[in-house]
Amino acid sequence: MKYEVVVTMPGHFRFSILRRTGPFLIFRWGQLRGVPSLLIRSIKNQRSKIKNSIAVLSFLPLASAGADPSGVETLLQTGTTELSSRNFEAAKELFGSVIKETAPGSEPWAHAVFGAAVCAHHRSPTTQKRVEDAARLYHLLLESVAGSKFAPRAALNLGRLAELRDYYEDPVDLEAARNWYRRVIDRWPDLPIAGEATLRLAATFVQTYDMPEVRHGVDLLETWLTTRDDEPLAAGMWQYLGDIYFYPLADHAASLSCYRKGEALGFLDPNNIGTLFWRMAILAERFLEDRELAVEYYGKVIRTGAASGKGYQAQQALERLGAPVPELQLFQPIALTRPPE
Amino acid sequence: MIPSAGRMRSVSRWININTLGLVLLLATIGLSLGRVMRIHRELFESDKTVLRIGHAALELGFREALDVVIAEYEQLHPDVKIIQNAVPQKIYGEWLNTQLISDTAPDLVELYLASMVLDEHYLASLFESLADSIDRPNPYNAGTPLADWPWRATFQGGMRSGFREGLQDYYGAPITLATIRIYYNKQLLREATGSDAPLDSFGQFLQACESIQDLSERTGSKVTPIAGNLYIVGTFLRRYRVAFTAGYESEVDVDLDGLISHRESYIGYLQGTTDMQASHIRAYFECMKELSRHFGEGYLGLWRDQAAFLFVQGRAAMLAAGSWDATSLFMQSDFEIGVFDFPLPAEGERWGEYIAGRENEAGHAGSMVIGLYQGSKNKRQALDFLQFLTSRKYNEMLTREAGWIPVITGAHPTERMKPFLPDPTGYPMGVDVRYSGYVYEVIHGEEWPFLHGEIDYEEFARRVDRALRDPGYGGDRQWSQEYDQTWRWCRNQERVLATQASRILMDAAAPGGQERYNRLLLQQTLANNGESIRYQFEQVRGKPISDM
């Protein structure tokens with residue numbers, strides 16, 4: 001029989017029966033700050049009584065550690081691990097403990113506020129209260145430590161909160177989202193996040209599918225790309241532009257040109273490359289009547305994108321175009337010619 | 001010495017049904033306790049590192065094959081003991097969910113059937129990402145041509161079945177390739193048709209079915225041509241739907257990705273290109289009606305096990321089943337078995353003019369995907385065993401012993417398994433207006449009365465049309481739900497992105513974390529919060545999607 005009971009005593013103390021496994025009962029009590037969060041994780045995952053015991057023992061000193069820097073560091077690390085595993089509930093408690101333990105404005109404090117905000121933002125189920133809590137924490141971070149490494153992401157996340165519907169009847173506020181994205185671009189123009197904010201900003205115009213707005217989104221991205229040779233997201237931006245020119249703008253030449261620019265930089269996502277090469281081949285053959293380009297991309301479908309299922313049709317297309325037809329290499333049991341990737 | 005009458009009476013007083021019951025009860029308790037203690041000793045009191053691997057592959061030969069490979073591994077690593085937990089498919093999902101919730105899941109788990117491994121958000125919090133290992137060589141490929149290849153690149157299909165699109169990460173490694181073919185009883189086919197050669201065309205296939213039916217009636221042997229069953233009938237329908245309707249792609253694939261989505265099928269339907277009167281669609285359904293006559297009576301009440309039973313008993317001449325069933329079928333049959341692919345109507349045969357080509361298997365990227373449980377106490381050892389299983393030498397050994405298809409490049413299949421190798425020639429998709437929800441349920445439900453001859457094609461077409469044009473629940477509604485699901489997906493991806501961004505900022509990201517973030521970001525941005533679906537609806541249907 002296994003059960004767990006957690007009893008929170010009034011004030012600062014908590015008494016917990018962590019679990020009962022066979023004849024063993026594991027108890028612990030301690031200050032609310034820090035410790036219980038880890039215990040909740042232990043309870044939740046029920047790894048083993050030994051692990052729970054270790055967790056209890058290792059965190060007992062923390063219960064009375066106050067603002068012990070190494071304790072805070074451990075809590076931050078544990079919180080980060082929990083957040084990485086998407087255990088937002090446990091992570092938020094840990095970050096909450098650090099917020100109480102550390103001086104506002106310090107880097108550990110900023111780390112914890114940001115972590116707590118992300119947890120509130122994404123803890124399931126998403127509710128209005130949690131989203132408001134997340135927004136409050138992001139604002140707190142921006143107002144208190146605008147120079148922190150977490151600040152630009154906090155500002156961008158406020159834009160995401162405005163752009164997306166987070167819960168039932170959450171209104172989409174594209175104008176507010178745009179203001180946050182612009183603020184990131186203006187305030188941190190030299191950080192990589194400025195490129196991400198530009199992509200987000202452009203997307204808020206594109207997703208209206210109102211043609212002047214769509215064109216404005218395209219202009220924003222093209223302007224950014226002409227002035228930023230070192231933009232890390234450039235390949236993705238060109239691919240996105242290729243998509244927009246294809247639909248809804250139906251400018252097939254511009255679409256193919258953008259895709260090719262993205263390809264030249266190395267597409268960000270190589271996993272669905274076959275269907276993208278197929279589209280490029282069809283654009284070249286059907287709409288631009290550019291045989292050479294069509295042959296190039298049908299060949300790429302066969303050589304690098306055959307897992308899309310389009311390899312055989314690409315072979316047929318090459319035959320139709322009178323071009324050499326490469327063999328499909330998929331599932332050749334003894335083919336060892338493939339170079340290491 | 002003769003016992004006294006008093007002593008006999010005293011003994012016989014104890015020999016009664018209650019005593020027997022008590023003895024049985026005590027024996028059962030003793031046996032159970034013994035077993036519990038033995039398992040406890042094996043798992044917790046062993047002086048070795050104990051690994052467990054959980055899977056649902058109860059097909060004949062696989063467990064024995066895995067034992068052979070485990071023995072090889074244990075010989076190389078004498079301090080390791082590996083236990084396999086084989087669980088029947090029917091309860092595997094529930095079993096695995098329970099193990100995961102109670103934190104008692106095996107170290108390595110077949111990612112199959114359980115909601116907690118199919119849902120990406122659960123998966124990410126319960127299983128280890130393999131991102132750190134996939135770009136490094138598999139140490140067990142040392143000394144082979146694959147020695148320097150990244151682990152990921154050694155898989156036929158590049159380990160794609162272990163890749164989760166929504167997480168942009170690898171959470172498992174497949175250990176076999178799997179396809180579906182038609183097995184046939186050579187002796188029966190020879191008796192019915194005079195030949196036991198594989199059937200190359202649909203015309204030959206139908207003719208053979210008729211001949212088997214005749215033979216059955218002549219001899220009273222009650223042999224069914226094809227052991228139809230609910231598990232496999234969908235595969236028949238899909239294979240032929242693609243063959244008959246893939247040719248519509250140039251007309252309905254409006255986004256030019258080379259695939260025909262449900263939405264594109266529906267748009268084609270509304271425009272009259274792929275409606276129920278379209279020649280290829282009509283021909284497809286007529287063909288399926290003809291084929292289903294040979295599935296045997298009450299086939300919808302059968303599952304794969306019962307159908308296989310009919311086949312190995314010689315009561316069905318053919319059976320469509322997976323490569324994973326090959327050993328079970330070959331070992332349990334006392335007749336010679338042949339194998340062929342789903343035959344298509346050839347030129348000059350009935351329906352031959354409607355065929356584009358076969359459904360291809362290019363997308364096959366490996367089956368029986370094994371994931372590494374996050375709660376494992378021996379993650380490094382478990383990962384090591386997974387690499388052992390997927391090395392060229394031992395994957396070949398495993399699949400040879402099991403009678404399966406290897407998934408590692410350069411690992412050779414047995415002669416018997418060669419007809420099962422995935423074939424990338426052909427088409428990836430056909431038209432399918434069975435969008436989802438109500439439309440899917442109605443059309444899918446109406447297929448059976450039509451296939452069984454209870455309603456004619458015109459009536460079937462009317463019912464399909466009524467379902468698709470239903471103002472409340474029809475195709476428009478499904479379209480609006482696709483919009484709804486897409487923006488929800490975008491919101492859920494925000495959680496994945498936020499986690500990854502936080503890892504990067506907090507210096508907790510795995511190598512390649514920024515690249516992974518960029519891929520996720522692009523993927524979400526390209527979806528435009530679902531608004532392109534909304535816009536297309538308004539363009540095609542001339543009304544706001546919010547009306548739905």
Side-chain angles (χ1 to χ4, degrees), chain A residues 45-47 80-81 83-87 111 114-115 118 121-122 149-150 153 157 160 163-166 196 199-200 203 206-209 232-233 236 239-240 243 246-248 268-269 271 274-276 278-279 282-283 306-313 328 330-331 333-336 338 340-341, chain B residues 102-103 121 124-125 145 148-150 152-153 156-158 160 163 165 177 255-259 357 360 362-363 365 374-375 406 409-413 421-422 424-429 487 490-491 494-495 498-499 501-503 505-506 508 518-519 521-523 525-526 528-529 531-532 534-535:
Chain A
N45 287 322
Q46 294 193 353
R47 288 280 143 83
T80 303
T81 307
L83 191 154
S84 296
S85 303
R86 294 180 211 169
N87 292 322
H111 181 150
F114 180 79
V118 169
H121 190 166
H122 293 293
K149 68 173 178 178
F150 297 101
R153 181 62 60 184
N157 285 357
R160 304 301 296 150
E163 183 183 330
L164 292 166
R165 271 174 282 183
D166 295 295
E196 184 180 338
L199 181 63
R200 294 297 198 190
V206 172
Q207 67 187 264
T208 63
Y209 285 86
L233 289 171
Q239 187 179 340
Y240 185 48
D243 266 24
F246 174 70
Y247 186 82
L268 292 184
D269 183 3
N271 292 301
T275 51
L276 184 51
W278 177 262
R279 181 186 282 173
I282 297 281
L283 283 175
S308 63
K310 302 305 292 180
Y312 171 72
Q313 286 170 276
L328 276 170
L330 276 179
F331 309 121
I334 51 167
L336 286 171
R338 189 164 39 146
E341 287 161 30
Chain B
S102 58
D103 196 35
H121 294 281
S125 60
D148 301 330
W149 291 33
R152 175 169 54 85
Q156 297 272 12
R160 271 177 298 122
F163 183 74
E165 191 79 25
L177 286 169
D255 65 7
L256 304 188
D257 65 355
L259 308 172
N360 71 37
Q374 223 176 60
T409 299
H412 294 258
L421 285 175
T425 58
Y427 295 79
M429 269 182 160
W487 78 252
C490 287
R491 173 59 182 84
E494 194 64 20
R495 185 172 289 130
T499 309
S502 303
R503 278 181 193 152
L505 270 176
M506 296 172 182
N518 290 348
R519 287 199 302 272
L521 171 67
L522 176 67
Q523 197 185 42
T525 309
L526 292 176
N528 274 319
N529 293 342
E531 295 300 328
S532 65
R534 188 259 308 158
Y535 178 68

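Just so we're on the same page: letters track the sequence lines, and every chain starts at 1. Excluded from the calculations below are hydrogen atoms, water molecules and symmetry mates; all remaining heavy atoms, backbone and side chain alike, are included. Since the model is a prediction, treat every value here as computed from it, not as a measurement.
- In this structure, chain B has heavy atoms under 4.5 Å from both the backbone and the side chain of A:Y209.
- Contact between A:K310 and B:G258 at its shortest, heavy atoms only, is NZ-O, 2.8 Å.
- Here B:L505 contributes atom CG and A:T80 contributes atom OG1; the two are 10.5 Å apart, rounded to the nearest 0.5 Å.
- Taking 4.5 Å as the limit, every side-chain heavy atom of B:M506 sits out of range of all side-chain heavy atoms of A:S84.
- Top candidate by heavy-atom pairs under 4.5 Å with chain A, chosen from B:H121, B:R534, B:Q523, is B:R534.
- Only the side chain of B:N529 comes within less than 4.5 Å of a heavy atom of chain A; its backbone N, CA, C and O stay farther away.
- Relative ring orientation between B:Y427 and A:Y312 is described as perpendicular, the plane-to-plane angle rising above 60° on a 0-90° scale split at 30° and 60°.
- Annotation: the span from A:Y240 atom OH to B:N528 atom CG amounts to 3.5 Å, rounded to 0.5 Å.
- For the residue pair A:L83 and B:S502, the shortest heavy atom distance occurs at CD2-CB, 3.6 Å.
- With respect to chain B, the highest number of heavy-atom pairs below 4.5 Å among A:R160, A:Q239, A:R165 belongs to A:R165.
- The residue among B:P422, B:A508, B:A501 with the most heavy atom pairs within less than 4.5 Å of chain A is B:P422.
- Across all their heavy atoms, B:N518 and A:L268 have their closest contact at O-CD1, 4.0 Å.
- Remark: A:R153 engages A:E196 in a salt bridge (Lys or Arg N to Asp or Glu O under 4.0 Å) (not counting sequence neighbours).
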- Would you sort out whether B:L521 and A:R200 count as a side chain to side chain contact (heavy atoms under 4.5 Å, CB included), showing the intermediate values? CA-CA 10 Å; B:L521 171 67; A:R200 294 297 198 190; 3.2 Å; yes

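- Residues passing the ring pair (Phe, Tyr, Trp, His ring centres under 6.0 Å) test with A:F114, sequence neighbours excluded: A:F150.
- With a threshold of 4.5 angstrom between heavy atoms, A:A307 approaches chain B through its backbone and through its side chain.
- Here the NE2 atom belonging to A:H122 is positioned 5.5 Å from the CZ atom belonging to B:R491, to the nearest 0.5 angstrom.
- Scanning all heavy atoms of the two residues, the minimum distance from B:A362 to A:A306 falls at CB-O, 3.4 Å.
- When every heavy atom of A:P248 is checked against every heavy atom of B:Y535, the shortest pair comes out as CB-CE2, 3.7 Å.
- For B:L522, the part lying under 4.5 angstrom from a heavy atom of chain A is the side chain only.
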- Item | Chi angles and distances behind the side chain to side chain contact (heavy atoms under 4.5 Å, CB included) call for B:D255, A:R279 | CA-CA 8 Å; B:D255 65 7; A:R279 181 186 282 173; 4.0 Å; yes

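- Heavy atoms only, all atoms of each residue included: A:W278 and B:D257 are closest at CD1-C, 3.7 Å.
- Listed options B:G363, B:P406, B:A498 were ranked by heavy-atom pairs under 4.5 angstrom with chain A; first place goes to B:A498.
- Heavy atoms of A:D269 lying under 4.5 Å from chain B belong to its backbone as well as its side chain.
- Ranked by heavy-atom pairs under 4.5 Å with chain A, the list B:T499, B:L259, B:L177 is led by B:T499.
- When the candidates B:R503, B:R495, B:E531, B:R519 are compared by the number of heavy-atom contacts under 4.5 Å with chain A, B:R495 comes out ahead.
- Formation of a donor-acceptor pair under 3.5 Å by the B:N360 side chain with backbone atoms of A:G309 is found in this model.
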